[in-house]
A.B. asks: 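Please read through the structure below; I'll follow up with questions.
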There are 2 protein chains.
Amino acid sequence: MPATSTDQVESVRLIDVARVAGVAPMTVSRALNRPELVRSDTAKKVLDAVRATGYVPNMLAGGLASSKSRLVAILLPTIANSIFSDTVQALMDGLNASGYQTLLGLTGYSTSQEETLVEAILGRRPDGIVLAGTSHTEATVERLTKAKIPVVEIWDLSDKPIDMVIGFSHEQVGVEVARHLLAKGYDRFGVVSVDDPRGLRRCRSLIDELADHGKTSVPFEVLPAPATLRAGREGLSRMLATECPQIIVCSSDTLAQGVLAEAASRGLNVPRDLAVMGFGDLSSAAHVYPALSTVEVDGASIGKHTAAALLARFAGRRDTALAGGRMDTGFSIIDRESA
Amino acid sequence: MPATSTDQVESVRLIDVARVAGVAPMTVSRALNRPELVRSDTAKKVLDAVRATGYVPNMLAGGLASSKSRLVAILLPTIANSIFSDTVQALMDGLNASGYQTLLGLTGYSTSQEETLVEAILGRRPDGIVLAGTSHTEATVERLTKAKIPVVEIWDLSDKPIDMVIGFSHEQVGVEVARHLLAKGYDRFGVVSVDDPRGLRRCRSLIDELADHGKTSVPFEVLPAPATLRAGREGLSRMLATECPQIIVCSSDTLAQGVLAEAASRGLNVPRDLAVMGFGDLSSAAHVYPALSTVEVDGASIGKHTAAALLARFAGRRDTALAGGRMDTGFSIIDRESA
DNA sequence: CTGTTAGCGCGTTCAT
DNA sequence: ATGAACGCGCTAACAG
């Protein structure tokens with residue numbers, strides 16, 4: 001079989017391109033990574049040689065030599081729940097545009113699994129790490145601190161961030177939802193949550209605030225993570241077995257959709273017979289179910305700011321928007337029910 | 001400030017661990033990667049030294065030296081749609097357990113974006129690549145072929161796979177749904193899809209099959225990807241502006257949920273006034289909305305088989321379950337409506 | 001603007 | 001069972 005010019009039995013190296021282009025290997029490297037340092041006509045010769053040979057730079061070698069991997073790791077509890085999807089999308093878009101790629105790790109809401117993943121991932125010498133949440137094992141924090149790379153904790157706040165934090169206060173969500181609903185005159189509350197740390201904090205904070213206003217013993221159903229439609233149905237079923245709330249507050253939008261489904265199958269009119277409140281990002285249920293109130297978080301904005309903060313650091317700058325290493329992106333309560 | 005024993009101003013290397021353990025660097029490498037080749041007492045010395053120094057192996061250097069990156073790349077259209085989440089979860093779990101990590105790439109349903117990502121990702125010298133779908137640019141196929149690494153195309157089938165394929169026939173889904181619904185006596189159909197290649201193929205195949213049975217001019221609404229609840233609402237709204245179908249077939253479960261929401265807001269009883277059919281994986285809507293029929297795909301199984309196929313190849317074996325490089329995981333129609 | 005030298009941190013290969 | 005020499009493919013630092 002005749003070999004074509006782009007056959008690649010043994011992988012093409014920088015030196016092969018240099019030979020074809022008639023320049024030194026270093027010039028090829030520069031033409032590819034810092035084109036502003038070479039004359040445009042030699043750059044052209046190099047690029048022609050790259051195309052002719054089908055050269056693909058070996059970033060393992062490049063990373064080893066330069067101590068820059070152009071890799072960012074993202075650790076999430078799960079991707080089953082879509083709550084982080086806008087964030088991840090925006091983050092990856094921002095990073096990709098600057099030539100960075102993303103290592104994904106799934107922690108399953110377990111800090112010990114996160115610890116294992118962090119150790120494995122640090123072996124890749126990522127240029128930065130993004131963690132969902134601000135609760136980690138001591139070992140995780142220590143390793144991350146020693147790694148001396150930018151770390152962004154997202155979707156939460158913290159008094160002592162490892163490095164940078166971009167998120168909002170889940171306690172404040174709970175408090176504001178409680179006050180909002182009390183102001184609307186609700187008296188009998190029910191809370192349904194999955195067993196995820198931030199969701200639980202939102203719900204507990206809400207329950208505490210209700211207690212401060214005289215509403216004690218608010219019924220509270222907790223289901224195993226991750227949040228699914230089925231968990232929402234199950235949560236409402238259990239709740240209605242013994243209670244008769246006017247409004248159900250859910251730890252996430254997916255859960256709220258499950259509650260809506262269960263309510264529908266029982267012939268309940270939402271919000272007349274039962275009001276429902278969810279929590280999620282902008283692309284989710286709030287704009288679809290008119291009867292559903294929701295706390296909305298702009299997940300894409302978190303991702304965008306995270307990418308910007310990391311890229312600023314990679315460029316040796318400090319993101320000016322991140323005063324004190326911390327940025328509160330806020331949230332808003334969208335009220336759709338009319339009870 | 002006094003330095004503790006685990007300070008890591010300059011990163012700890014293999015040679016540092018060797019010095020502390022009183023052995024040669026090579027012995028440390030073996031103790032870590034092939035423990036069966038060293039005596040257990042020297043292995044212990046090494047492990048103690050690793051802990052004392054806080055050593056984290058540099059996988060860039062290791063990968064360069066061994067030509068094994070222990071990295072697998074996954075390319076998906078998006079993570080907004082949860083349809084792939086079970087697959088990704090199962091795949092990552094299987095891979096992680098064997099020390100592999102995952103690079104994530106989002107193609108946004110664009111083959112040219114996929115091409116760009118493939119090129120960038122091949123620079124990391126991944127040990128394997130997983131692609132959602134079997135439709136790619138010529139350049140993508142050529143690069144992947146030349147890379148000489150295991151490639152798994154998932155969630156679809158193909159007559160000429162790049163390497164391995166694990167999925168099912170989307171045309172067959174359409175045909176079987178059509179026959180199923182015809183057998184149930186439906187006469188007036190409506191189809192709502194998002195603009196995603198596989199979803200469109202399912203729907204077109206269904207429409208063709210309906211035409212073969214005399215049902216021509218089936219109304220067909222196509223909305224921009226990704227599939228969201230809102231798109232589903234919009235799809236039904238447009239459909240009902242001019243048509244009066246008995247059943248709406250949707251290209252995905254998320255879309256179907258949007259259709260359900262719109263139906264509910266119009267006071268339509270599902271399935272009495274309007275039946276709805278979705279498509280998705282096992283964790284989704286079918287088990288929650290009793291009135292919703294669904295084509296169910298076991299996404300977790302696809303992920304599990306994909307991990308197994310890759311790991312078999314890494315070990316130099318050929319996965320026996322993958323006869324001819326191709327595995328059809330099938331799907332099933334879950335019928336919930338009672339019209 | 002371009003080339004040369006040296007070495008990133010590790011695993012392969014061979015020797016012991 | 002352990003060690004020494006070498007090179008993986010690339011870029012930093014310096015020289016010209």
Side-chain angles (χ1 to χ4, degrees), chain A residues 8 10-47 49-50 53-71 99 120 122-127 147 316, chain B residues 8 10-47 49-50 53-71 99 120 122-127 147 314:
Chain A
Q8 184 184 342
E10 294 301 315
S11 115
V12 180
R13 292 153 306 164
L14 195 65
I15 193 173
D16 303 315
V17 178
R19 201 146 26 217
V20 171
V23 298
M26 196 57 233
T27 303
V28 176
S29 172
R30 278 195 277 253
L32 259 24
N33 300 318
R34 315 194 52 191
E36 71 275 14
L37 296 185
V38 303
R39 273 191 357 226
S40 60
D41 57 331
T42 64
K44 185 182 177 314
K45 279 195 300 188
V46 168
L47 288 158
V50 165
T53 53
Y55 172 65
V56 178
N58 185 328
M59 302 184 78
L60 294 171
L64 179 60
S66 66
S67 301
K68 279 179 199 120
S69 62
R70 300 204 140 237
L71 218 45
L122 283 179
R124 306 271 173 203
R125 300 294 188 267
D127 291 339
Chain B
Q8 184 186 341
E10 294 302 315
S11 115
V12 180
R13 290 153 308 164
L14 197 64
I15 193 174
D16 302 316
V17 178
R19 203 150 20 221
V20 170
V23 297
M26 200 52 240
T27 303
V28 177
S29 173
R30 277 196 275 257
L32 259 24
N33 300 320
R34 317 195 51 191
E36 69 277 13
L37 295 184
V38 303
R39 280 198 344 235
S40 62
D41 58 330
T42 63
K44 187 184 176 313
K45 278 194 303 189
V46 170
L47 262 48
V50 166
T53 53
Y55 172 64
V56 178
N58 185 328
M59 301 184 79
L60 294 169
L64 179 60
S66 67
S67 303
K68 279 178 198 118
S69 62
R70 301 205 141 237
L71 218 46
L122 283 179
R124 307 271 173 202
R125 299 296 187 266
D127 291 339
F314 297 158

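A note on names: the letters A, B, ... follow the listed sequences, proteins ahead of strands, and every chain is numbered from 1.
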A.B. asks: Taking heavy atoms of chain B and a 4.0 Å limit, find me the 5'-most and 3'-most nucleotide of DNA chain D within that range.
C.D. replies: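 Using the under 4.0 Å cut-off, the span is D:dA1 to D:dG9.
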A.B. asks: Within a 6.0 Å radius of atom CD1 on A:I15, are there more than 12 heavy atoms belonging to other residues, nucleotides or ligands?
C.D. replies: no
A.B. asks: Please enumerate all residues that pass side chain to side chain contact (heavy atoms under 4.5 Å, CB included) together with B:L60, with sequence neighbours excluded.
C.D. replies: A:L60, A:S69, A:R125, B:N58
A.B. asks: Mapping A:M59 and B:A24 onto DNA chain D by nearest heavy atom, which one lands closer to the 5' end?
C.D. replies: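 It is B:A24, whose closest nucleotide lies nearer the 5' terminus.
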A.B. asks: Can you check the B:N58 CG to C:dG9 P distance for me, whole Å?
C.D. replies: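 Taking atom P of C:dG9 as the reference, CG of B:N58 is at 7 Å.
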A.B. asks: Roughly how far apart are B:R30 CZ and B:E36 CD, rounded to 0.5 Å?
C.D. replies: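 That separation rounds to 11.0 Å.
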A.B. asks: Which donor-acceptor pairs under 3.5 Å do the side chains of residues 17-28 of chain B make with protein atoms, sequence neighbours left out?
C.D. replies:
from: B:R19; atom 1: NH2; to: B:D16; atom 2: OD1; distance (Å): 3.2

A.B. asks: Decide yes or no for A:K44 and A:D41: does some side-chain heavy atom of the first lie under 4.5 Å from some side-chain heavy atom of the second?
C.D. replies: no
A.B. asks: Heavy atoms under 4.0 Å, any strand shown: does A:S67 hit a base, just sugar-phosphate, or nothing?
C.D. replies: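 No contact.
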A.B. asks: Could you tell me which residues satisfy ring-ring contact (aromatic ring centres under 6.0 Å, His included) with B:Y55, sequence neighbours excluded, listed by chain and number?
C.D. replies: none
A.B. asks: Does the side chain of B:R124 come within less than 4.5 Å of A:R70's, by heavy atoms?
C.D. replies: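 Counting from C-beta outward, A:R70 and B:R124 do come under 4.5 Å.
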A.B. asks: Regarding A:L37, tell me which of base, sugar-phosphate or nothing describes its non-hydrogen contacts under 4.0 Å with the strands shown.
C.D. replies: base
A.B. asks: Which whole-number value in Å describes the distance from A:R125 CZ to C:dG9 P?
C.D. replies: 9 Å
A.B. asks: Give the B/S/- string for nucleotides 11-16 of chain C, one per nucleotide from 5' to 3', where a protein heavy atom under 4.0 Å of the base yields B, of only the sugar-phosphate yields S, and otherwise -.
C.D. replies: SB----
A.B. asks: Mind checking what makes side chain to side chain contact (heavy atoms under 4.5 Å, CB included) contact with A:A43, not counting sequence neighbours?
C.D. replies: A:V38
